[in-house]
Amino acid sequence: MSQLFLGLISGTSADGIDAALVEFPDGSTSAVLRLRAARTHPWAPALRERLVALGQGGELTSLDELGRLDVQVAGAFADAALALLDEAGVAAAEVAAIGSHGQTLRHRPHGDAPFTLQVGDGNVIAERTGIATVADFRRRDVAAGGHGAPLVPAFHAALLHSADEDRAVLNLGGIGNYTLLPKQGDVRGFDTGPANALLDAWCLRHTGQPFDADGAFAASGQVDGRLLERLLDEAWFALPPPKSTGREQFHLDWVDRRLLGGESPADVQATLLELSAVTVARALDVHQPGTARLIACGGGVRNPQLLARIAAHLPGARIESTDVHGLDPDFVEAMAFAWLARETLAGQPGNLAAVTGARGPRVLGVVHPA
């Protein structure tokens, strides 16, 4: 008899809550699974606006606001889970557990008191859905000296590793991140910098659209080489792995400080797209040259201009979607948190220390019983 787990995540762009219902055949290895149903649940506009502002470094007004957001975000995640189950015709009692990532407000893995903060109280989700909920996945890894990110490489390794070729999995979400899967040797993973976050924010500012459909806005402009140099001069790009980042570092104020004034909005969009492509390509050239296959997922897979520029900078790699491997590119991360919940309940570690920099493998997350 199979088991069902439900994964929930809202990423850096906070463009919706991705929900994935994943089926694991009984007694299977973790590499065998099937996506039963998936959907993206919209945020209430006012709540999303506040979350985006906080994610970009905005200040909380009070501890009361933090408490309210923790409950409001959890309520939205619970709504996403229940809506998916209703669409799939699956009763809550049939789901073994929910794995909920929450919404990141701050990610500070460095300093005297490293921390990462995701809101979306697992208690509320468990209470609202009647389903055991695993939440707060990242903080145990940070407590063990890691970055708490990225966590999805363990999932990528379980499903997409090959003993025949060096592979890389590229998630093009708000932030880009790699999982490096050499045919022999340790799995590695790290963030590359902005993928869609700056593109979406600039597009919204200048066109009123939340994202650049098919990369058309970027395609209407020309890359500004000098602006690109100023963007690439950011010291974070030269840091060695393990490394992670978020909207609190790469946001429109960061872009604005590098503009001279008078730039065409379309040219800036084209340059931001080139920034994403160049940083992705350089990271692979440095950390796994000779990669045979680059497997892409995340919203950036829907941007042919971005994929074309990445391909131009990586002529030796075959670039394809996770769809080729039976994984819907829009829901890979949500599926990963369903998988991570399964690992937690089985008492298995969910991090890869070589990826996050933690002192060793750790069972992740806090379990809130049904």
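Everything numeric in this text was worked out from a predicted model, so none of it was measured.
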Measure from NZ or CZ of R106 to the centre of the six-membered ring of F115 and say whether it is under 6.0 Å with the direction within 45° of the ring axis. no
For the pair D214 (side chain) and A216 (backbone), establish whether a donor and an acceptor sit closer than 3.5 Å, ignoring hydrogens and angles. no
Using a 4.5 Å cut-off on heavy atoms from C-beta on, say whether the side chain of L35 contacts that of L21. no
Has the side chain of T291 got a donor or acceptor atom that lies under 3.5 Å from a matching backbone atom of R293? no
With a 6.0 Å cut-off (strictly less than), is the heavy-atom count around CD of E165, excluding the residue itself, greater than 12? yes
Would a line drawn from the ring center of F190 to the ring center of H287 be shorter than 6.0 Å? yes
Taking the six-membered ring where the residue is Trp, are the ring centres of H156 and H161 under 6.0 Å apart? no
Using a 4.5 Å cut-off on heavy atoms from C-beta on, say whether the side chain of D18 contacts that of E333. no
Set of side chain to side chain contact (heavy atoms under 4.5 Å, CB included) partners for N351, sequence neighbours left out: D141, L151, P349, T356, A358, P361, R362, L364
R39 to H41 - nearest heavy-atom pair and separation: NH1-ND1, 2.8 Å
Within a radius of less than 6.0 Å around CD of E94, do more than 12 heavy atoms belonging to other residues, nucleotides or ligands occur? yes
Spell out, as yes or no, whether a donor-acceptor pair under 3.5 Å connects the side chain of D121 to the backbone of N123. yes
Indicate whether the side chain of R138 and that of H101 have a donor and an acceptor atom separated by less than 3.5 Å. yes
Flag the pair F211 / D15 as yes when at least one side-chain heavy-atom distance between them is below 4.5 Å, and no otherwise. no
CG (L260) with more than 12 external heavy atoms under 6.0 Å: yes
State which residues pass side chain to side chain contact (heavy atoms under 4.5 Å, CB included) with S2; sequence neighbours excluded, sorted by chain then number. E23
For atom CZ of R128, decide whether the heavy atoms of other residues, nucleotides or ligands shown that lie under 6.0 angstrom number more than 12. yes
Quick one: do T133 and V124 satisfy side chain to side chain contact (heavy atoms under 4.5 Å, CB included)? Show the steps, please. CA-CA 9 Å; T133 299; V124 173; over 6 Å; no
Ring centroid separation for F250 and W236, is it under 6.0 angstrom? yes
Single-linkage hydrophobic cluster V52~L66, side-chain heavy atoms < 4.5 angstrom: no
Would you say R342's side chain and A338's backbone share a donor-acceptor pair under 3.5 angstrom? no
Under a single-linkage definition using a 4.5 Å side-chain heavy-atom cutoff for Ile, Leu, Val, Met, Phe, Trp and Tyr, are V324 and Y178 assigned to the same hydrophobic cluster? no
Would you name the heavy atoms of H313 and A277 that are closest together and state the gap between them? CD2-CB, 4.2 Å
Return the minimal non-hydrogen interatomic distance between A81 and I98, and the atom names on each side. CB-CD1, 4.1 Å
Quick one: are L4 and V90 in side-chain contact, heavy atoms under 4.5 Å? yes
Between E320 and L294, is a side chain to side chain contact (heavy atoms under 4.5 Å, CB included) present by the stated rule, with each step listed? CA-CA 6 Å; E320 61 195 20; L294 178 60; over 6 Å; no
I need the S100 OG to L340 CG distance, nearest 0.5 Å. 12.0 Å
Count I, L, V, M, F, W, Y as connected when their side-chain heavy atoms are under 4.5 Å apart, and connections chain through other members. Are V22 and V152 then in the same cluster? yes
Report yes if some heavy atom in the side chain of P182 is under 4.5 Å from a heavy atom in the side chain of Q288; otherwise report no. yes
Is the backbone of A149 close enough, under 3.5 Å, to the side chain of H147 for a donor and an acceptor to pair up by distance? no
Side chains of Q103 and W43: does their closest heavy-atom pair fall under 4.5 Å? yes
Kindly say whether L327 contributes a backbone atom to a donor-acceptor pair with the side chain of T322 at under 3.5 angstrom? yes
D224: what forms a side chain to side chain contact (heavy atoms under 4.5 Å, CB included) with it, not counting sequence neighbours? R226, L227, E263, T271
Donor-acceptor pair between H107 and Q118 side chains, under 3.5 angstrom: no
Is it the case that over 12 heavy atoms from other parts of the model lie below 6.0 angstrom from the CD atom of Q56? yes
How many angstroms lie between atom CG of N177 and atom OG1 of T245, to the nearest 0.5 angstrom? 11.0 Å
Check A163 against K183 and note the closest heavy-atom contact, atom names and distance. O-CB, 3.6 Å
Membership question, hydrophobic clusters at under 4.5 Å side-chain separation (ILVMFWY): are V255 and F217 in the same one? yes
With the threshold set at 4.0 Å, does a side-chain nitrogen-carboxylate oxygen contact exist between R139 and D136? yes
Counting N and O atoms only, with roles assigned by atom type, does the side chain of K243 sit under 3.5 Å from a partner on the main chain of F237, one being a donor and the other an acceptor? yes
For R205, which residues count as a salt bridge (charged side-chain N to carboxylate O under 4.0 Å, His left out) partner, sequence neighbours excluded? D256
Within the distance-only criterion (no hydrogens, no angle test), does the side chain of T207 pair as donor or acceptor with the backbone N or O of L204 below 3.5 angstrom? no
With L172, which residues qualify under side chain to side chain contact (heavy atoms under 4.5 Å, CB included), at least two apart? L170, A195, V280, L306, L307, I310
Quick one: does L160's side chain get under 4.5 Å of L181's, heavy atoms only? yes
Which heavy-atom pair separates L33 from P25 by the least distance, and what is that distance? CA-CD, 4.4 Å
Criterion side chain to side chain contact (heavy atoms under 4.5 Å, CB included) on W339 and F24, from CA distance to verdict: CA-CA 9 Å; W339 180 87; F24 295 86; 3.8 Å; yes
Just grab all the salt bridge (charged side-chain N to carboxylate O under 4.0 Å, His left out) pairs involving residues 55-70, residues at least two apart or on different chains. R50-E65
Drop me the distance from L273's CG to L275's CG, to the nearest 0.5 angstrom. 9.5 Å
Cluster overlap I17 with L51, hydrophobic side-chain contacts below 4.5 Å: yes
Any side-chain heavy-atom pair from L85 and I131 closer than 4.5 angstrom? yes
Minimal non-hydrogen separation, D212 against A218, with atom names: OD2-N, 3.0 Å
If you count heavy atoms of other groups shown closer than 6.0 angstrom to CZ of R188, is the number above 12? yes
Yes or no on side chain to side chain contact (heavy atoms under 4.5 Å, CB included) for F77 and S10, after CA distance, side-chain angles and deciding distance? CA-CA 9 Å; F77 271 58; S10 174; 4.0 Å; yes
